[in-house]
There are 2 protein chains.
Amino acid sequence: MAVTIDDIAKAAGVSSATVSRVLNNSGYVKDETREKVLKAIKELNYTPSAIARSLSKKKTNTIGVVVPEINNPFFGEIIKGISEVADEHNFNLILCNTDEDIKKELRALKLLKEQRIEGILITPTSTDSDYSSEYLWTIENLGIPVVLIDGHVKYSNFNGVFVDHIKGAYDAVKTLIDEGHEKIAIITGRMNSRPARERLAGYKKALKLHNIPIKEEYIFYGDYTHEKAYEITKKILEMKDRPTAIFVSSNMMVLGCIKAFSENNIEIPKDMAIIGFDKVEVLNIIGMNISFINGPTIEMGKIAMKMLIDILNNSQATDTKTINLSPQLVLKGSEKYVR
Amino acid sequence: MAVTIDDIAKAAGVSSATVSRVLNNSGYVKDETREKVLKAIKELNYTPSAIARSLSKKKTNTIGVVVPEINNPFFGEIIKGISEVADEHNFNLILCNTDEDIKKELRALKLLKEQRIEGILITPTSTDSDYSSEYLWTIENLGIPVVLIDGHVKYSNFNGVFVDHIKGAYDAVKTLIDEGHEKIAIITGRMNSRPARERLAGYKKALKLHNIPIKEEYIFYGDYTHEKAYEITKKILEMKDRPTAIFVSSNMMVLGCIKAFSENNIEIPKDMAIIGFDKVEVLNIIGMNISFINGPTIEMGKIAMKMLIDILNNSQATDTKTINLSPQLVLKGSEKYVR
DNA sequence: TGATGGAATGTAAGCGATTACATAATTAGA
DNA sequence: TCTAATTATGTAATCGCTTACATTCCATCA
């Protein structure tokens, strides 16, 4: 690690400025000189220091990525998308996993700012907690371009790539209605999260527009966990006026439903129709015909990264950029069996 | 971003050295002075530059993480483990996703070296390709501590946290034998990957030690994909002397098997026993009783990161450190039904 | 009261690159 | 052959910190 640009300069018998020119393909360098320099670089196994370069150029070519749960493939795919575009544009990625802990999120932001990253891509923890105002304040005062991914931050308008949860939920429920269902239950997410609220809104909207009365008994408040969904589903199955379809507000919760179904020999979609928000790839691979509403994860990552690059290149523009992606409904068999 | 340590110094009426002392809690600083400095920092919303600090300290407190497939939860969990420990020790993570492309892997290594990271955690692409010698050379000449995670690099001894694939496979197959199975098939991974070869070896060892002849017809060469496993499983089901159990060499391939099973109304484990290498959490959540051999992913990430920190703290020690983790067999119901 | 030594702060030289500016070498044009 | 333009290279300041060393301040003690 000891070898520096000066060592190369000495070895090649030139000045460090010349070596720098070779390194950056800038300015004038005689071919012969370039050869000498390249030779020295190779012989000494020299790798320039991005740190020093960053300091003098005031440019790190690094962006920060903040996700709440790295081991969830949903975020894994977003990162995959980000990383693809970042690669193409020679950006490095500093990753921060926050475990849905807003304190860690705050810490991550501080840390990233210290690293002098050029921009941040962040999938905000989906909670309106006590810290959220501090959180907001921090983001706004970061002085660094931020692009949010899937998850509006309350009361604020930031750049971002968002999923239209209302429309997604609406589409899902409408599909069920079109198939003839009228008794449609919903299992919501944590209601202090915006996506959960919006999905519920989409559910209600679809019912209303199709003149189906909204029954409070059909609205079940979940918390995004499969355990809770499992409990809820068992209850649903015991109802005397049992729903014929369930709209499930998250992928993990779908799993809980399925478990309850299989324990009670409920066949999908013969005995019960189900549509979930955000796919569980595995289920389709093993041949289960579960329909999903999908936020296009990899795509979202790509778009967000492109948006960020765009912002970096036009730093004078101050208007906030927003893209709303419509989640896509992937139907798998459910329609075949309708009454 | 314009505000520097000198601005703070000026604002607080001290020298930059004093500000630095406050920042790092080093040397002597009068309480009164400290207050002034902290006040200035707060008022000017100052964040020190990690870049400049790294340059002068020759220490970045950053480590590089290289994974082949970020959207696979297997790696997501490893990263989660890494990130947990890294957090505790104030290390930053630069993430490189390589898409199983050894060229990208090489590029990532170069990039990380430029960033002057302190160490690298790498889950090598599981292929012995044409580039592997260059790859090896690069790793060895990096001059940076490397800890491998799950995947020996051919012919080399590096620091690393490994899974004992032979033992894992052996345990799995032995379990099947103990349950009374004698006709046990295996679906292997890509044979140019070391884990695949070792798992096959474990399979053979178990049969041999229990005096069950190894039949070539029961060895099926897969490629880690669920599609291929699906095809293979269909063929297995059509065999006249059909196996009663299958040992499947990867988690994705288990999914292909299950699909084929369900299409043919094969019940697990009544009609066919199956044990897979590396879990698919989702299957257990939905109540499917599939047994798995698990490399403890999160744990591996943690251990690897701890090992790296250990190495960084004892840079004089030159012996290579190696930990072999025994994968754990998680039985789910399969035993209940044996003949 | 002056010597002594710890506490508090400042000065300035790096860290390893980039780059504005100066200068030297080469080429072309008249 | 001389001048002007181009090309090629070097010098040194700079980026924002840390830190060795120097200096000043102040309390304590003989």
Side-chain angles (χ1 to χ4, degrees), chain A residues 1-38 40-41 44-62 90 92 110-111 113-118 143, chain B residues 1-38 40-41 44-62 92 110-111 113-118 143-144:
Chain A
M1 208 73 355
V3 33
T4 74
I5 200 174
D6 285 314
D7 297 326
I8 301 300
K10 205 165 296 170
V14 297
S15 78
S16 65
T18 299
V19 177
S20 177
R21 285 184 197 107
V22 172
L23 249 26
N24 297 285
N25 262 305
S26 63
Y28 295 106
V29 180
K30 209 200 287 177
D31 282 349
E32 190 190 338
T33 312
R34 183 189 315 279
E35 295 305 319
K36 278 192 300 185
V37 170
L38 291 175
I41 288 177
L44 299 185
N45 189 20
Y46 165 70
T47 309
S49 160
I51 302 293
R53 184 190 306 138
S54 292
L55 184 59
S56 85
K57 281 203 178 176
K58 291 163 159 284
K59 202 157 178 322
T60 57
N61 258 67
T62 300
N90 283 308
N92 302 311
K110 181 170 167 242
L111 205 136
K113 185 167 184 189
E114 284 186 358
Q115 297 296 326
R116 296 294 188 263
I117 53 165
E118 323 256 340
Chain B
M1 207 77 351
V3 32
T4 74
I5 199 174
D6 284 315
D7 297 326
I8 301 300
K10 204 164 298 170
V14 298
S15 77
S16 63
T18 299
V19 178
S20 178
R21 285 184 196 106
V22 172
L23 249 25
N24 298 285
N25 262 307
S26 63
Y28 294 107
V29 180
K30 208 199 288 179
D31 281 349
E32 189 190 338
T33 311
R34 184 189 314 279
E35 295 305 322
K36 278 192 299 184
V37 171
L38 290 176
I41 288 178
L44 299 185
N45 190 18
Y46 165 70
T47 309
S49 159
I51 302 292
R53 184 191 304 138
S54 293
L55 184 60
S56 89
K57 278 202 179 176
K58 292 162 158 284
K59 202 155 177 320
T60 56
N61 257 68
T62 299
N92 301 310
K110 184 172 165 239
L111 204 137
K113 184 167 183 189
E114 285 187 358
Q115 297 296 327
R116 296 296 189 264
I117 53 165
E118 323 256 341
I144 301 175

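Order of the sequence lines fixes the chain letters, A, B, ..., with proteins taken first and strands second; residue numbering starts at 1 for each chain.
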(request) Using a cut-off of strictly less than 4.0 Å, decide whether A:Ser20 has a side-chain nitrogen or oxygen near OP1 or OP2 of C:dA17. (result) no
(request) Figure out the NZ/P separation between A:Lys10 and C:dG16, and round it to whole Å. (result) 12 Å
(message) Measure CD/A:Glu114 against P/D:dG16 and give the value in whole Å, please.
(response) 15 Å
(request) Specify the separation, in whole Å, of atom NZ of A:Lys59 and atom C1' of C:dA17. (result) 16 Å
(message) Please classify the nucleic acid contact of B:Asn24 as base, sugar-phosphate, or nothing, using heavy-atom distances under 4.0 Å.
(response) sugar-phosphate
(request) Report the residue (A:Ser26 or B:Lys58) whose heavy-atom-nearest nucleotide on DNA chain C is the more 5′ of the two. (result) B:Lys58
(message) Whole angstroms only, please: what is the CD-C1' distance between B:Glu32 and C:dA7?
(response) 14 Å
(request) With the side chain counted from C-beta on, respond yes when A:Arg116 and B:Thr47 share a heavy-atom pair under 4.5 Å apart, and no when they do not. (result) yes
(request) List in numerical order all residues of residues 46-57 of chain B for which some heavy atom is under 4.0 Å away from an atom belonging to DNA chain C. (result) B:Leu55, B:Ser56
(message) Tell me the interatomic distance from A:Ile5, atom CD1, to D:dA12, atom C1', rounded to whole angstroms.
(response) 14 Å
(message) Testing the basics here: between A:Thr4 and A:Tyr46, what is the closest heavy-atom pair and its distance to 0.1 Å?
(response) C-CE1, 3.7 Å
(request) Quickly work out the B:Asp6 CG to D:dC17 C1' distance and round it to whole Å. (result) 9 Å
Using a cut-off of under 3.5 Å, enumerate the N/O to N/O pairs linking the protein to nucleotides 6-10 of chain D.
unit_1: D:dT7; atom_1: OP2; unit_2: A:Tyr28; atom_2: OH; d: 2.7
unit_1: D:dT9; atom_1: OP1; unit_2: A:Thr33; atom_2: OG1; d: 2.3
unit_1: D:dT9; atom_1: OP2; unit_2: A:Lys30; atom_2: N; d: 2.8
unit_1: D:dT9; atom_1: OP2; unit_2: A:Thr33; atom_2: OG1; d: 3.3
unit_1: D:dG10; atom_1: OP2; unit_2: A:Ser15; atom_2: N; d: 2.6
unit_1: D:dG10; atom_1: OP2; unit_2: A:Ser15; atom_2: OG; d: 3.1
unit_1: D:dG10; atom_1: OP2; unit_2: A:Thr18; atom_2: OG1; d: 2.9
unit_1: D:dG10; atom_1: N7; unit_2: A:Arg21; atom_2: NH2; d: 3.4
unit_1: D:dG10; atom_1: O6; unit_2: A:Arg21; atom_2: NH2; d: 2.6

(request) Evaluate the side-chain proximity of B:Leu55 to B:Ile51: yes if any heavy-atom separation is below 4.5 Å, no if none is. (result) no
(message) By the side-chain hydrogen bond (donor to acceptor under 3.5 Å, both in side chains) test, which pairs, at least two apart or in different chains, include something from residues 48-59 of chain B?
(response) B:Lys59-B:Asn61
(message) To check you understand the geometry: which heavy-atom pair defines the closest contact between B:Gln115 and B:Thr60, and what is its length?
(response) O-CG2, 3.8 Å
(message) From CD1 of B:Ile8 over to C1' of D:dT18, roughly how many Å is that when rounded to an integer?
(response) 16 Å
(message) Quick check for you: to the nearest 0.5 Å, what is the distance between A:Leu38 atom CG and A:Ile41 atom CD1?
(response) 5.5 Å
(request) Grab the CG-P distance between B:Asn25 and D:dT18 for me, whole Å please. (result) 12 Å
Side chains of residues 8-33 of chain A: which donor-acceptor partners sit under 3.5 Å, not counting sequence neighbours?
unit_1: A:Ser15; atom_1: OG; unit_2: A:Ala17; atom_2: N; d: 3.3
unit_1: A:Ser15; atom_1: OG; unit_2: A:Thr18; atom_2: N; d: 3.4
unit_1: A:Ser20; atom_1: OG; unit_2: A:Asn24; atom_2: ND2; d: 3.3
unit_1: A:Asn24; atom_1: ND2; unit_2: A:Ser20; atom_2: O; d: 2.8

(request) Report the end-to-end axis angle of the helix from C:dT1-D:dA30 to C:dA30-D:dT1; each axis comes from five terminal pairs, and the value is rounded to 10°. (result) 50°
